[in-house]
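Following: one structure in structure tokens, then a few remarks.
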Amino acid sequence: MKKQRINAFDFMRSATAWIIVIYHFACICNVTPWYDNFPLFYTHANGVWGENTSVNIFFMLSGASLYYNYPSIKVDSLKRYYFSRFKGLFPMFYMIWFFLYYQKATTAGNLFYNGSPKSMLLTLTGMDGYLSYRYPQNYYFIGEWFLGALVLLYLLYPLLTWCMKHCRILTTLVLGAATLAFHWPMPYFQIQRERNLIVCMLAFWLGMLFIEYKEWLENKWVTVFFGGIALLFIFVKVPLDPFLCAQAIAVGLFLLFYHIGNFVMKFDWIKPFFTYTGGISYAIFLLQHVVMSQVIGLSGKETHLTILQEFLYLIASFVMIYLFADICSRLNRLMLDSKWFRRIQKHFI
């Protein structure tokens, strides 16, 4: 049976997408010497909005959504589960990537203009952004590093459902302790601690726990407590590791956004907009970098931009991101509903 939709999740997907887009827009402005520093969603009192803060909310939301719909994965349903995850991620990813790749390859006059074709395997598996610290020469155009982390989490998800049933407390303690350990230098990992799969897995696991203990975690006083800690860390500098502050902020904001979403989605005049944005949020994540770079690039090289002008470019970026995300989402639905794709699907479902 199809479960009742959690409308608050659409609000949370929308809010997370907006924060990540604004953060990356602020990154462009703040690292470009001739632009004024953009004041929104770049840093807070104890760190930055990207990487751990907003991305961890995204991972928690992904874990919660998946566990709500697939609380257990049986061995005989693994093929169906993995194909459904592939269907949700890769067709749209390939569609956008091949279009951009064709543009770049024809402009360069070389199919392998950026090095060995072997590195394309990283792209075709969605891992190029996540592994760019180790393999910097690749064909990475779209999406985010967290797409690769999400692919790995989806692969591990059946194991996580088993852990939820048989060793829930132990798994929580192990992931929590392992994440806490990143407070100290870790010479074993080259990847940034914010992007380490262990850290991403903790956020994903916390989202699963939210669904498992939903009745208790929906309590307003739980939200007031953790949300209060999050707001404190956002606005007040504390003598703690920013990495650890980011973990606490993500948990608190997740609960705050959930309660705000429950309230906002009661209004029929605005609910369709958040439902629509939540539905195209994946396309927004894939397209954001390309679109905003091209839009702000219209200002010309070394042209000074004031904060007001940057706000106008941000609005234009949002308009174009929504436009292209809508087009890509519609094309993706047509592709998934095509006869040839249905033939492929019959082998798995």
Side-chain angles (χ1 to χ4, degrees), residues 3-17 19-20 51-73 77-78 81-82 84-89 126 130 143-180 182 194-218 222-223 226 230 246-259 261-262 278 281-282 285:
K3 293 190 175 183
Q4 183 179 358
R5 188 181 187 89
I6 300 179
N7 292 319
F9 283 1
D10 286 320
F11 171 84
M12 296 169 73
R13 290 187 187 96
S14 304
T16 305
I19 291 173
I20 290 177
E51 301 300 332
N52 252 179
T53 305
S54 51
V55 172
N56 268 14
I57 301 171
F58 167 76
F59 281 135
M60 291 175 67
L61 183 56
S62 299
S65 300
L66 194 57
Y67 190 66
Y68 179 71
N69 291 294
Y70 301 94
S72 63
I73 305 291
S77 64
L78 280 174
Y81 161 75
Y82 282 124
S84 69
R85 293 305 91 207
F86 172 86
K87 182 179 176 181
L89 291 180
Y130 188 64
E144 275 294 329
W145 65 264
F146 52 75
L147 174 61
L150 192 62
V151 169
L152 295 176
L153 291 171
Y154 281 167
L155 289 172
L156 292 170
Y157 178 71
L159 175 61
L160 292 177
T161 60
W162 184 91
C163 291
M164 184 64 75
K165 283 187 176 181
H166 298 94
C167 52
R168 185 180 308 163
I169 296 176
L170 177 62
T171 303
T172 304
L173 291 175
V174 168
L175 288 176
T179 300
L180 179 63
F182 283 104
E194 292 83 3
R195 301 185 180 189
N196 192 287
L197 186 61
I198 295 172
V199 178
C200 301
M201 193 181 302
L202 174 64
F204 193 84
W205 176 259
L206 290 176
M208 294 171 63
L209 286 176
F210 173 79
I211 297 299
E212 187 68 23
Y213 297 103
K214 190 166 176 284
E215 292 184 2
W216 183 76
L217 291 172
E218 281 183 326
V222 174
T223 300
F226 287 103
Q247 313 306 312
I249 290 172
V251 172
L253 288 184
F254 179 90
L255 295 173
L256 280 175
F257 285 169
Y258 178 78
H259 280 265
N262 278 332
S281 57
Y282 178 56
F285 289 135

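Reckoned from all heavy atoms, side chains included, excluding hydrogens, waters and symmetry mates. For this chain, numbers begin at 1 and follow the sequence in order.
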Test applied, ring-ring contact (aromatic ring centres under 6.0 Å, His included); reference residue, Phe254; option that passes from Phe204, Phe210, Phe11: Phe210
Does any donor atom in the side chain of Lys214 or Tyr258 lie under 3.5 Å from an acceptor atom in the other side chain? yes
The complete set of side chain to side chain donor-acceptor pair (under 3.5 Å) pairs with one or both residues in residues 152-161, sequence neighbours excluded, reads none
Would you please say whether a donor-acceptor pair under 3.5 Å links the side chains of Thr172 and Trp205? yes
Can you name the side chain to side chain contact (heavy atoms under 4.5 Å, CB included) partners of Asn69, sequence neighbours left out? none
Would you indicate whether the side-chain heavy atoms of Ser14 and Phe257 approach each other to under 4.5 Å? no
Between Ser65 (side chain only) and Leu61 (backbone N and O only), is there a donor and an acceptor less than 3.5 Å apart? yes
Is there side-chain contact between Tyr67 and Leu160, with at least one heavy-atom pair below 4.5 Å? no
Report yes if the side chains of Ile198 and Thr179 come closer than 4.5 Å at any heavy-atom pair, otherwise no. yes
For a 4.5 angstrom cut-off between non-hydrogen side-chain atoms, does Met164 reach Thr171? no
Does a donor on one side chain and an acceptor on the other come within less than 3.5 Å for Arg5 and Tyr68? no
Taking only residues two or more places apart in sequence or in another chain, which ones pass side chain to side chain contact (heavy atoms under 4.5 Å, CB included) with Leu256? Thr223, Leu231, Leu253
Residue set satisfying ring pair (Phe, Tyr, Trp, His ring centres under 6.0 Å) with Phe285, at least two apart, ordered chain then number -> Phe58, Phe146
The criterion is side-chain hydrogen bond (donor to acceptor under 3.5 Å, both in side chains); which residues satisfy it with Tyr130, sequence neighbours excluded? none
Which residues share a ring pair (Phe, Tyr, Trp, His ring centres under 6.0 Å) with Tyr70, sequence neighbours left out: none
